[in-house]
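Below, all heavy atoms of this structure are taken into account, side chains as well, without hydrogens, waters or symmetry copies. Throughout, protein chains are lettered first and strands after them, A, B, ... in sequence-line order, and every chain is numbered starting at 1.
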Protein chains: 2
Amino acid sequence: MVMTEEREAARVNHDAAMPVYRQLAAILRDQIASGHLAAGRVIPTEKVLMEVHDLGRDSVRKALALLREAQLIESVPGRGTFVTENGQALALEQAKGQ
Amino acid sequence: MVMTEEREAARVNHDAAMPVYRQLAAILRDQIASGHLAAGRVIPTEKVLMEVHDLGRDSVRKALALLREAQLIESVPGRGTFVTENGQALALEQAKGQ
DNA sequence: CAGCATTTGTACGTATGTATG
DNA sequence: ACATACATACGTACAAATGCT
């Protein structure tokens, strides 16, 4: 049996107590902390996140807003959303505390 | 002619360049800074703000979210939205810088 | 240069859930 | 039980910025 670095991509649970937008924020934060999403042009588009997690745009944008407030990511209209310079470091810090 | 302390209540301009939710946030912030909205149970309900400024709930909630981030207000489900302890002081600080 | 597709931003509406009084 | 008020979550439409053709 071959062990790989791959894991099941975390998914939002629509029935969980935690709001889906917080779940998505946590998932993305962990992916940033783990380096799975690295600096540069990384975060999938809102459209992709909507499709992958079966969410409305509202929830996706709320999740990204949380990460923006935490200065893990930055968005640029017409281009996309990026992990900030020290995004991974910040995400690691925050992941520790939780 | 009698001078009063009353002034025209500032209103959102739907045709301005600045997004209406930022306009509303600025209006409320100034009202807090001026003491027109004091600590305690102050901020009008979302419903009232929607009607007074002819805005959708989205815009009203975005405006309040900005003030929450700035720690000027706090909201409690079922009760309402309140100016924080040091809300006026904070609002004054921010009003200076703008 | 114009035109087009992509992507984020703003703004509206609606429905339902949760907390308070 | 009920009304009020904020929270979550879905949807739509259009605007603005970017990059490509």
Point-to-point distance, once rounded to the nearest 0.5 Å, from CE of A:Met18 to CG of A:Asn13: 11.0 Å
Spacing of B:Asp58 atom CG and B:Glu46 atom CD [to the nearest 0.5 Å]: 10.5 Å
Under a 4.0 Å heavy-atom cutoff, the residues of residues 74-83 of chain A touching DNA chain C are A:Ser75, A:Val76, A:Pro77, A:Gly78, A:Arg79, A:Gly80, A:Thr81
Nearest atoms (heavy-atom pairs only) where A:Ala91 meets A:Leu72: N-CD2, 3.6 Å
Would you mind reporting whether A:Thr45 and A:Met50 have side-chain heavy atoms less than 4.5 Å apart? no
In terms of heavy-atom contacts, A:Tyr21 and A:Ser59 come closest through CB-O, 3.3 Å
Could you measure the distance from the CG atom of B:Leu37 to the OG1 atom of B:Thr81? Nearest 0.5 Å is fine. 11.5 Å
Within this structure, what is the NZ-CZ distance for the pair A:Lys47 and A:Arg57, rounded to the nearest 0.5 Å? 11.5 Å
Do you know which two heavy atoms are closest between A:Gln94 and A:Ala70, and how far apart they sit? NE2-CB, 3.6 Å
Within 6.0 angstrom of A:Glu85 CD, more than 12 heavy atoms from elsewhere: no
Kindly give the heavy-atom pair with the smallest separation between B:Arg29 and B:Leu67, and that separation in Å. CB-CD2, 4.1 Å
Closest heavy-atom pair, A:Leu90 versus A:Gln71, reported as atoms and distance to 0.1 Å, is CD1-O, 3.4 Å
If every non-hydrogen atom of A:Gln88 is compared with every non-hydrogen atom of A:Val83, which pair is closest and at what distance? N-CG1, 4.3 Å
Considering only heavy atoms from C-beta outward, does the side chain of B:Ile73 approach that of B:Val42 to under 4.5 Å? no
Just need the stems in DNA chain D: three or more back-to-back Watson-Crick or G-U pairs, each with both distances under 3.5 angstrom, sorted by first number. C:2-21 with D:2-21
Should A:Tyr21 be listed as having a side-chain N or O under 4.0 Å from OP1 or OP2 of D:dA9? no
Could you state the CE-C1' distance from B:Met18 to D:dA15, rounded to the nearest angstrom? 17 Å
Taking only heavy atoms on the protein side, list every residue of residues 44-51 of chain B lying under 4.0 Å from any atom of DNA chain D, sorted numerically. B:Thr45, B:Glu46
Pull out every residue in residues 55-67 of chain A that has a heavy atom closer than 4.0 Å to any atom of DNA chain C, ordered by number, or say none. A:Arg57, A:Arg61
Report the residues that fulfil side-chain contact (heavy atoms from CB on, under 4.5 Å) with B:Val12, sequence neighbours left out, ordered by chain and then residue number. B:His14, B:Val20, B:Gln23, B:Leu24, B:Ile27, B:His53, B:Leu55
Give me the first and last nucleotide of DNA chain C, going 5' to 3', that has any atom under 4.0 Å from a heavy atom of chain B. C:dT10 to C:dG21
Between CG on residue A:Asp54 and CG on residue A:Leu49, distance to nearest 0.5 Å: 12.5 Å
For B:Arg68 and D:dT8, give me the distance from atom CZ to atom C1', rounded to whole Å. 13 Å
Spacing between B:His14 atom NE2 and D:dA15 atom C1', to the nearest angstrom: 16 Å
